Amino acid sequence: MAMSLVGGTGSRIFVCGGCGSYRPSRSRRLRVTAAAGGDAAVRVRFAPSPTGNLHVGGARTALFNYLFAKNHDGKFILRIEDTDIERSTKESENAMLQDLEWLGLDWDEGPGKPGEVGPYRQSERNSIYQNYAQKLLESGHVYKCFCSDEELARMKELAELKKLPPRYTGKWATASKQEVDAEIARGTPYTYRFRVPRTGSVTISDLIRGVVTWKHDVLGDFVILRSNGQPVYNFCVAIDDACMKITHVIRAEEHLSNTLRQVLIYKALNLPVPRFGHVSLILAPDRTKLSKRHGATSVGQFREMGYLPDAMVNYLALLGWNDGTDKEIFTKDELMEKFSLERITKSAAIFDQTKLSWLNGKYLHQLPDEELVKLISSHWLKAGILSHADSSFTKEAVELLKDGIDVVARSEVPLLKLLSYNLAQTLESKSLGDLVKDNLREVAEALISAHDNGELASALESGRDGWQTWTKSFGKKLNRKGKRLFMPLRMLLTGELHGSDLGSSMVLLHKAAQQQCVTAPQFTPLSSRISQLKELDWSKLQEDHQTIEAAAAAA
């Protein structure tokens with residue numbers, strides 16, 4: 001990858017190849033740019049730390065890198081940044097890999113897919129870091145620092161008193177060889193500190209945020225190797241990105257402040273500088289950082305809740321990106337074709353789970369019937385609603401209720417509403433007054449009679465057609481039709497004023513009782529519903545609604 005570093009005086013430094021040499025400029029002020037591809041193939045990376053679950057913000061970063069690589073016929077590299085030995089776990093790494101695979105973000109190089117620039121876990125690359133640290137020490141860009149923790153704490157306190165940013169004062173930056181050798185002879189622990197130029201600045205042309213400049217004096221000399229020999233984050237990242245020939249670093253804006261340190265390391269080692277693009281954070285609806293207090297935040301949680309991977313990918317792509325139209329539903333192929341960094345917005349994206357659920361519902365309803373039934377019935381079985389899932393009741397229930405289901409994990413809500421009988425609660429509703437005044441008792445008594453003489457059961461046994469034939473006959477006997485017939489029937493039979501198709505609902509309730517496939521304690525069969533109707537005190541019901549109407553009129 002070819003790049004130019006443009007100095008403040010107009011002089012240029014040209015750097016070519018992975019570790020080529022360069023001719024220093026007289027100016028300390030450097031503008032760092034990189035060719036947006038050029039002759040080099042695009043190579044991007046996602047580098048998670050296996051210290052927890054894969055957050056939706058990390059998943060979006062991985063997705064943007066993946067889509068950018070595919071759009072440019074490039075490579076998507078997965079690197080595990082596990083140098084935090086105390087917090088990194090193999091369980092977390094495995095979970096992250098599974099989540100990425102579930103999303104369909106297949107990496108070209110990384111764990112399980114070796115390439116020429118591995119290994120792909122930082123914990124396995126320590127010898128590489130030690131080699132580059134030694135080069136920096138020999139070139140004078142790094143020095144050994146013997147300051148104790150107490151000395152560093154005093155430096156920080158002094159900076160705070162002077163209202164200055166906490167930074168290393170450079171005590172060992174000018175130490176003589178004799179002083180250094182004496183401390184080594186005493187066995188004093190030491191770190192490797194990078195020597196930051198005291199004047200000048202670094203400027204990058206961020207692919208998303210535009211031109212960003214840092215002055216060198218905002219930094220003190222920073223550590224690249226701890227006293228135990230472990231490399232620090234910024235050093236590892238810079239070395240890994242260079243060695244893995246990363247052309248574009250697309251990451252969250254919280255990493256923007258790390259760029260200055262990393263660019264200084266690239267320059268000191270004559271390594272190519274990638275193009276940077278920093279994506280805004282994902283916020284909760286209250287515009288605070290998305291966290292556990294807002295509900296699910298990890299890919300694994302949404303996976304367990306029954307969200308579909310294609311819906312998740314589609315939604316994550318829309319968090320800070322659009323194709324310039326109002327289109328909201330994209331296949332992965334469409335995303336790979338249309339994605340560009342130019343369409344990423346600078347403003348923070350708001351994570352709206354309601355929107356995600358709506359989008360998931362769109363994908364859910366596009367599934368083949370057999371797959372949809374299997375998904376939903378498996379959840380009903382797991383939720384303890386069904387004793388077995390392979391029944392005609394299950395298939396018909398999914399068909400009836402699917403339009404009201406957007407997430408598999410919430411699919412029990414409409415089913416339990418269908419199986420339950422909340423008559424007592426509905427009878428207290430203010431909106432029931434018109435039904436009571438329209439001789440609801442007459443409909444209830446006729447319904448009880450139809451049940452007791454077997455007429456209703458016989459009709460339901462014949463399915464939807466049998467129900468329709470019976471309701472016509474029932475309405476004719478009572479001289480009722482339309483809403484005057486079906487509103488009271490729905491309320492008396494289901495305990496609800498609104499719901500799914502009444503005929504299909506009643507046929508399903510009949511099948512549930514016949515097939516004995518429902519184990520939910522909320523299930524109230526038709527016979528129990530009729531029993532509750534028989535026990536109603538109609539005189540009291542009428543008096544109660546007269547009282548409710550009088551109170552409403554007075555108010």
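Because only heavy atoms are used, hydrogens play no part in the values below, and waters and symmetry mates are left out as well, while side chains stay in. Given the structure is predicted, the values throughout are model-derived calculations rather than measurements.
- A salt bridge between Arg490 and Glu496 is absent, with no side-chain N of the basic residue lying under 4.0 Å from a carboxylate O of the acidic one.
- Pairing each heavy atom of Glu253 with each of His278, the nearest pair is CA-CB, 3.9 Å.
- Between Arg125 and Asp240 there is a salt bridge, since a side-chain N of the basic residue sits under 4.0 Å from a carboxylate O of the acidic one.
- Using modelled atom types and a 3.5 Å distance limit, the side chains of Ser92 and Arg87 yield no donor-acceptor pair.
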### Query
Hey, mind stepping through Glu543 and Lys540 against salt bridge (charged side-chain N to carboxylate O under 4.0 Å, His left out) and telling me if it holds?
CA-CA 5 Å; Glu543 289 175 6; Lys540 185 176 185 304; over 6 Å; no
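- For Ser420 and Asn422, the side-chain atoms include no donor-acceptor pair closer than 3.5 Å.
- Remark: Asp241 engages Arg79 in a salt bridge, criterion side-chain N to carboxylate O under 4.0 Å.
- When all heavy atoms of Gln122 and Asp82 are compared, the pair lying nearest together is N-OD1, 3.3 Å.
- Taking all atoms of both residues into account, the shortest heavy-atom contact from Tyr66 to Gly104 is OH-O, 3.7 Å.
- In this model, no donor atom of one side chain and acceptor atom of the other lie less than 3.5 Å apart for Thr426 and Ser429.
- With sequence neighbours left out, Ala311 forms a side-chain contact (heavy atoms from CB on, under 4.5 Å) with Leu308, Asn360, Tyr363.
- For the residue pair Ser458 / Glu455, no side-chain donor-acceptor distance below 3.5 Å is found, with atom types taken as modelled.
- Taking a cutoff of 4.0 Å between a charged side-chain nitrogen and a carboxylate oxygen, Glu334 and Lys332 do not qualify as a salt bridge.
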### Query
Does the pair Phe64 and Phe339 meet the rule for a ring pair (Phe, Tyr, Trp, His ring centres under 6.0 Å), with working shown?
CA-CA 8 Å; Phe64 282 3; Phe339 185 81; 5.2 Å; yes
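- Note that Lys483 lies outside the cation-pi zone of Phe486, set by a 6.0 Å cut-off to the ring centre and a 45° limit from the axis.
- Arg343 and Asn322 share a side-chain donor-acceptor pair at under 3.5 Å.
- Thr247 and Arg45 are not linked by any side-chain donor-acceptor pair at a separation below 3.5 angstrom, with hydrogens and angles left out of the test.
- Contact of the Phe351 side chain with the Leu356 side chain is registered, since non-hydrogen atoms from C-beta on lie closer than 4.5 Å.
- If you take CG on Leu103 and CG on Leu316, they are separated by 7.0 Å, rounding to the nearest 0.5 Å.
- Residue pairs meeting the side chain to side chain donor-acceptor pair (under 3.5 Å) criterion with at least one member in residues 364-383, sequence neighbours excluded, are His379-Glu412, Trp380-Ser411.
- Minimum heavy-atom separation, Pro111 to Ile80: CG-CG1, 3.8 Å.
- A donor-acceptor pair shorter than 3.5 Å can be found between the side chains of Tyr307 and Ser357.
- Side chains of Tyr120 and Glu109: a donor-acceptor N/O pair is present below 3.5 angstrom, by distance only.
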